[in-house]
Amino acid sequence: MSKLIYLDNAATTKTAPEVLDAMLPYFSEYYGNPSSIYDFAQKSKEAVTKGRQQIADALNTRKEDIYFTAGGSEADNWALKATFEAYKSKGNHIITTKIEHHAILHTCEYLEKERGAKITYLDVDENGVVRLDELEKAITPETILISVMFANNEIGTIQPIKEIGRIAKEHGILFHTDAVQAFGQVPIDVDEYNIDMLSSSGHKINGPKGIGFLYIRKGVKIKSFVHGGAQERKRRAGTENVPGIVGYGAAAERAVRTMKERTAKEIELRDYLINRLTTEIPYSRLNGDKVRRLPNNVNVSFQFIEGESMLLMLDQNGICGSSGSACTSGSLDPSHVLLAIGVPHEVAHGSLRLTLSDETTKEDLDFTVDKLKEIVQYLRSMSPLYEDFIKKHQQ
Ligand SMILES: *Cc1c(COP(=O)(O)O)cnc(C)c1O
């Protein structure tokens, strides 16, 4: 079989060699519990402090405001559930968007059904951008939290986070952002953007899986999420994932250090891929904003195509892509994000997300486009809908 062409970096990334190297000693050599008092455990404790500092530096903030979790989903759950419990005497209204990750949407549904929360799900425009005037209009005296993702995992659209932060601050409302896709890809300054809480995940930035963090600005009265020991300033109990934290810190440091060069290269390849796909394959369209877009995200819909068949045929050629988000592929519902930006059901079904890494080459993309042209042509040749469409157009 041909070599693997991995174009699903929004689902997860390869752990970078320098990240893995940093982690290894903390499995077998320095395995002490950071909470123990003997000198041997100090190595582990110092490693956790260093990782926390590296993360804080990447956000231009204090390390005391970084709380490690077991990933992005936990950080999202914590931000919403614990903020709601802590502030519900002030109000029960939360504003979010229709295009959030399920870690946010399903948590909102839980709060609505089980905890008496009132949730507003904002529409987005045809490129997936939140309309600021609609956000302002949705605010009520009961609103305690605005949660808007920094960048979308399916279509790559980057939100006007600074403006949303300003609106939240003007109204005295807490602002949380799911920055799992944005952290390490675009510069983030939590003070400049007035972000009160921010979720992120290690495995999306060439770090390990199963580690994430929630940034919580000093003064936010959010409740503890996991009860037990005094770890994470008594807000999230459990022995620290020391190798995970070491790897995450190294990955964050690496992401910031390489950001400029890496993303410039990715943007060039991204636009090359978008251009080839949308000009060389008829009846295709780009999903998401052309400019306000993650450097590595391509999402294109092909009419008269069933996304799953396209993915399977790409897989037979060693190409890994995604038809929606990793969590929803396997189900037959079209992506909630594509529906929210107005893509018709049947077109949404034929969508493909390809997300690049710094290892992606132009040759990889040329091979992918060439294969995809054959695949689309083949699948359309078997589609009765396509046949009807062509017949109509020939009359
Ligand atoms: C991947 C992802 C998550 C979930 O992170 P995990 O670490 O896999 O739990 C949440 N939000 C967004 C936008 C993501 O892309």
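From a predicted model like this one, the values you see are computed outputs, not experimental measurements. Start at 1 and go down the list; that is how both ligands and their atoms are numbered.
- Listed by first and then second residue, the ring pair (Phe, Tyr, Trp, His ring centres under 6.0 Å) pairs involving residues 254-286 are Y283-F389 (not counting sequence neighbours).
- The salt bridge (Lys or Arg N to Asp or Glu O under 4.0 Å) test applied to E192 returns K162, not counting sequence neighbours.
- With salt bridges taken as basic N to acidic carboxylate O contacts below 4.0 Å, none links D76 and K81.
- Pocket lining of ligand 1, defined as residues with a non-hydrogen atom under 4.0 Å away: G71, G72, S73, D76, H101, M149, N153, D178, V180, Q181, S201, H203, K204.
- Between K98 and D123 a salt bridge is recorded (basic side-chain N to carboxylate O distance below 4.0 Å).
- Side-chain N or O atoms of T360 include none that pairs as donor or acceptor with a backbone N or O of L356 at under 3.5 Å.
- With sequence neighbours excluded, the residues satisfying side chain to side chain contact (heavy atoms under 4.5 Å, CB included) with A252 are I55, A58, F183, I205.
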